Asker: 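One structure, pasted below without further comment.
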Amino acid sequence: MTKSQLLDYVAILFFCVLKASSLDTFIAAVYEHAVILPNATLTPVSQEEALVLMNRNLDLLEGAITSASKQGAHIIVTPEDAIYGFNFSRESIYPYLEDIPDPQVNWIPCNNPNRFGRTPVQERLSCLAKDNSIYILANIGDKKPCNTGDPHCPPDGRYQYNTDVVFDSEGKLVARYHKQNLFLSEDHFNEPKEAEVVTFNTTFGKFGIFTCFDILFHDPAVTLVKDSHVDTILFPTAWMNVLPHLSAIEFHSAWAMGMGVNFLASNLHYPVKKMTGSGIYAPDSPRTFHYDMKTEKGKLLLSQLDSHPYPTAVVKWASYASGIDASSMGNQEFKGIAFFDEFTFVELKGVAGNYTVCQKDLCCHLSYKMSEYRSDEVYALGAFDGLHTVEGSYYLQICTLLKCKTTDLHTCGDSVETASTRFEMFSLSGTFGTQYVFPEVLLSEIQLAPGEFQVSSDGRLFNLKSPSGPILTVTLFGRLYERDSARNALSDLTAQALRVMLIVIIPIVYSLGW
């Protein structure tokens, strides 16, 4: 055998081994964690006190990880803030932070815990992954010193990052991601200078990572799918549900479908702040999900997924809607507020019908048939085309069929959790100016409708069979990322006012059930 023939043989053998070791499917797990919070103080505790609190949460995470492993899970995602909670100042979070190295250092903390200083949390996570032969994603805090030579260095001489880490089934650190889009209450962390696009490969697919608020922006979320071609997104979050369009299970399942990827969403369980809603979502339909505002218990979810989801068909979102006459409804139109955005609405006035409503460049079209028309419930078709500017700034185009809170039209867009009206048929479309549209269907009691609807190639969201429950909302949630630059026009004073609204006013509204 010549040298060339030998090299060819080795290459073929390597390919065969690689193919044999790869998996067509895998078992995914997510854990909705009932977090144990630190005492409400902005005074820093000692590192020892911080570690005691973190180990209490890690004890609960260990139970979920062990259980998931015993049930055959290959990977588990745990929530944002799951190890130390939230409500910190920049100083009070510091005792909870560890120096997290670049994964290129080839490090198994379980085997060599002191290689990068004192890292007890990373050591424990690494040992949990190794001992249970499972990939683990956890959210912890990273600290990096800086000096006056760095013009961006904070006054205290360090960067602090909201950080996701992944340990493989041997306990090796294989991924580290610093959250890019911080929520307005995350003053204790810094944004990285540039959005990090973090991926890692396994025998059961290519994975990408981003955190919570990142999902509403282009980088790194869309970049991971469109440029890095990941199969599955890992998504730790501390998500406060906001109806009608941003409930966790509603929006996260829609993102998976809109982007054509698997999506593993692990939320904190803290009903006082409306935090619940985790799920394992495939591009075609949710595989399993959990929403629980009634108990204080955590929840482990498992499901099988395709390692490499089949490519979804390209949707021309404006195709169908552009061919419909967008005649004005005249005086029948009215304004309503949904999550601080002013929608243009039109009331649905019969058991069946065809309606159109427009705002700016967006016209929304709806065909529907109810099982019965109820006089005690009002539904409306709404359109919003504009820049959302509360708790963040991002440009939206939204078409939505939703239930109004009461029969008073002024309540259309208010938060609603229950409904009685059943629909036999719906078809919703819009003249969207973006390819990034996320299809949502949410039923009464905050439930999803797996396998009950689909999106056609010409941009219609329609039911495949009569929905299994009364409808809260059917929505096409569009993002025009290129128009987000308007966010920079907000003055510092306006941004501060929005911050006050988020921290002070919105929790009060939630507590009153408005």
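The structure presented is a predicted model; accordingly, all values stated were derived computationally and were not measured.
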Asker: What pairs meet the side-chain hydrogen bond (donor to acceptor under 3.5 Å, both in side chains) rule with one or both residues in residues 246-261, with sequence neighbours excluded?
Answerer: N241-S247
Asker: Could you list the residues that satisfy ring pair (Phe, Tyr, Trp, His ring centres under 6.0 Å) with H365, not counting sequence neighbours?
Answerer: none
Asker: Relative to Y320, does R460 satisfy both conditions: NZ or CZ under 6.0 angstrom from the six-membered ring centre, and within 45 degrees of the ring's axis?
Answerer: yes
Asker: Using a strict cut-off of less than 4.0 Å between a Lys/Arg side-chain nitrogen and an Asp/Glu carboxylate oxygen, indicate whether D187 and R90 qualify as a salt bridge.
Answerer: no
Asker: How would you list, by chain and number, every residue that makes a disulfide (SG to SG under 2.5 Å) with C363, sequence neighbours excluded?
Answerer: C358
Asker: Please output the side-chain donor-acceptor pairs of residues 137-145 that fall under 3.5 Å, not counting sequence neighbours, one pair per line with the distance.
Answerer:
| residue | atom | partner | partner atom | Å |
| --- | --- | --- | --- | --- |
| N139 | OD1 | D81 | N | 2.9 |
| N139 | ND2 | N162 | OD1 | 2.7 |
| N139 | ND2 | T163 | O | 3.3 |
| N139 | ND2 | D164 | OD1 | 2.8 |
| D142 | OD1 | I100 | N | 2.9 |
| D142 | OD1 | K144 | NZ | 2.7 |
| D142 | OD2 | K144 | NZ | 3.0 |
| D142 | OD2 | H178 | NE2 | 2.8 |
| K144 | NZ | D99 | OD1 | 2.6 |
| K144 | NZ | I100 | O | 2.8 |

Asker: In chain order, what residues pass the side chain to side chain contact (heavy atoms under 4.5 Å, CB included) check against D214, with sequence neighbours excluded?
Answerer: Y177, K179, Q180, N181, F210, T211, P220
Asker: One pair to check against side-chain hydrogen bond (donor to acceptor under 3.5 Å, both in side chains): N190 and R158. What are the steps and the verdict?
Answerer: CA-CA 9 Å; N190 301 107; R158 62 181 183 265; over 6 Å; no
Asker: List in chain and number order the residues that pass ring pair (Phe, Tyr, Trp, His ring centres under 6.0 Å) with Y270, two or more places apart in sequence or in another chain; answer none if no residue qualifies.
Answerer: F86
Asker: Determine the interplanar angle of the Y84 and F189 rings, folded into 0 to 90°, and report it as parallel if under 30°, tilted if 30 to 60°, perpendicular if over 60°.
Answerer: tilted
Asker: Would you call the rings of H218 and Y436 parallel, tilted or perpendicular if under 30° counts as parallel and over 60° as perpendicular?
Answerer: perpendicular
Asker: List for me each residue that meets side chain to side chain contact (heavy atoms under 4.5 Å, CB included) alongside P283, sequence neighbours excluded, and say none if there are none.
Answerer: N262, P309, T312
Asker: What residues, two or more places apart in sequence or in another chain, satisfy side chain to side chain contact (heavy atoms under 4.5 Å, CB included) together with D306?
Answerer: T25, Y310
Asker: List in chain and number order the residues that pass side-chain hydrogen bond (donor to acceptor under 3.5 Å, both in side chains) with Y135, two or more places apart in sequence or in another chain; answer none if no residue qualifies.
Answerer: none
Asker: N106: which residues meet the side-chain hydrogen bond (donor to acceptor under 3.5 Å, both in side chains) condition with it, sequence neighbours left out?
Answerer: K172
Asker: Can you name the ring pair (Phe, Tyr, Trp, His ring centres under 6.0 Å) partners of F453, sequence neighbours left out?
Answerer: none
Asker: Does Y159 have any ring pair (Phe, Tyr, Trp, His ring centres under 6.0 Å) partners at least two apart in sequence or in another chain, and if so, which?
Answerer: Y161
